[in-house]
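Structure first, then comments.
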Amino acid sequence: MLKSAGQPAPEGPDARECAITSRNDATTTKPPLDTQEPWMRGLHADTGYLLYRLGLRSGQLFNAFLQESALRLRHYAVLRFLATSEGVLQRELSSRLGYDPSAIVGLIDDLEKLGFAERRPAPDDRRSRVVVLTEDGRTFLRDTDQAGRRVTDELLSPLSAGERRTLHALLLRVTEDGRD
């Protein structure tokens, strides 16, 4: 059941989620769902749904952190991937990050406008272009490393250091198992 505006503010994890949502988009803030409702307990028993909710919350936190830079989490992921390579074809970026090829084009266009990435002729095929991280892109990543860690720390604050390592290891296993 949805809480009405006249009821007291929620407490616990739902309060944090509501605060994050309202911090990111005050015009469309919705009250948190009542986790005591039977249908909500059923959803919370579904691991896939919980992963979905975690992904949404993570995206909200990272997008709020990136807001000042005019980037979104998808841009940040491209930059992080480019930082691990000497240059990569757009189609490889698309498949490795799991993004639609048409979305990659727009993301790279945005990063080029900011001076964080550039397209260069591929060394072995002049018709192809590789995308490389520029020095400004590297500087941006270095400058945002600590803030990015704070976002992750906020997201995972209910977990101990050991639980965080375990969660990370499990997510890696699940993610790697699903790769093409």
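Arg91 CZ: 12 or fewer foreign heavy atoms inside a 6.0 Å radius. Other residues, nucleotides and ligands place more than 12 heavy atoms under 6.0 Å from the CZ atom of Arg138.
Between Asp136 and Gly115, the closest heavy-atom pair is CB-O, 3.4 Å. The two atoms that bring Ser69 and Leu114 nearest to each other are O-CD1, 4.2 Å, heavy atoms only. When every heavy atom of Gly87 is checked against every heavy atom of Val132, the shortest pair comes out as CA-CG1, 3.5 Å. The shortest heavy-atom contact between Glu163 and Pro158 is OE1-O, 4.2 Å. Pairing each heavy atom of His75 with each of Asp110, the nearest pair is NE2-OD2, 2.8 Å.
Hydrophobic cluster membership is shared by Leu159 and Phe62, with clusters built from Ile, Leu, Val, Met, Phe, Trp and Tyr side chains linked at under 4.5 angstrom. There is no path of hydrophobic side-chain contacts, each under 4.5 Å, that joins Leu89 to Leu93. Linking Ile, Leu, Val, Met, Phe, Trp and Tyr residues whenever their side-chain heavy atoms come within less than 4.5 Å leaves Phe81 and Val130 in two separate clusters. Cluster membership check: Leu156 shares its hydrophobic cluster with Leu171, using side-chain heavy-atom separations under 4.5 Å among Ile, Leu, Val, Met, Phe, Trp and Tyr. One hydrophobic cluster holds both Val131 and Ile104 under the rule that ILVMFWY side chains link at heavy-atom gaps under 4.5 Å.
Of the possible donor and acceptor atoms, one in the side chain of Ser157 sits under 3.5 Å from a partner among the backbone N and O of Glu154. In this structure a side-chain-to-backbone donor-acceptor pair under 3.5 Å is present from Asn63 to Leu73. The backbone N or O of Ala147 sits nowhere less than 3.5 Å from a side-chain atom of Thr144 that would complete a donor-acceptor pair. Panel note: side chain Ser58, backbone Leu54; no donor-acceptor pair is recorded below 3.5 Å. Using modelled atom types, no side-chain atom of Ser94 and backbone atom of Gln90 make a donor-acceptor pair closer than 3.5 Å.
For the atom pair CZ of Arg165 and CG of Leu170, the computed distance is 13.0 Å after rounding to the nearest 0.5 Å. Separating the CG atom in Leu61 from the CG atom in Leu56 is a distance of 11.0 Å, to the nearest 0.5 Å. Atom-to-atom distance recorded for Leu79:CG and Leu133:CG is 6.0 Å, nearest 0.5 angstrom. The distance from atom CG of Leu111 to atom OG1 of Thr134, rounded to the nearest 0.5 Å, is 9.0 Å.
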Could you go through Arg142 and Glu135, starting from their C-alpha distance and side-chain angles, then the distance that decides it, and tell me whether this counts as salt bridge (Lys or Arg N to Asp or Glu O under 4.0 Å)? CA-CA 10 Å; Arg142 270 192 308 273; Glu135 198 52 46; 3.6 Å; yes

Run the salt bridge (Lys or Arg N to Asp or Glu O under 4.0 Å) check on Arg164 and Asp153 step by step: do they pass? CA-CA 10 Å; Arg164 290 177 189 205; Asp153 286 345; 2.9 Å; yes

With salt bridge (Lys or Arg N to Asp or Glu O under 4.0 Å) as the test, would you mind laying out the steps for Glu118 and Arg120 before giving the verdict? CA-CA 6 Å; Glu118 64 184 27; Arg120 296 180 184 163; 2.5 Å; yes

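The closest side-chain heavy-atom distance from Arg72 to Tyr76 is not below 4.5 Å. Here the side chains of Ser102 and Val105 are not in contact, with every heavy-atom distance at 4.5 Å or above.
Residue pairs meeting the ring-ring contact (aromatic ring centres under 6.0 Å, His included) criterion with at least one partner in residues 115-143, sequence neighbours excluded, are Phe116-Phe140.
Electrostatic pairing of Arg119 and Asp109 counts as a salt bridge here, judged by a charged N lying under 4.0 Å from a carboxylate O.
Scanning for ring pair (Phe, Tyr, Trp, His ring centres under 6.0 Å) contacts around Tyr99 gives an empty result, with sequence neighbours left out.
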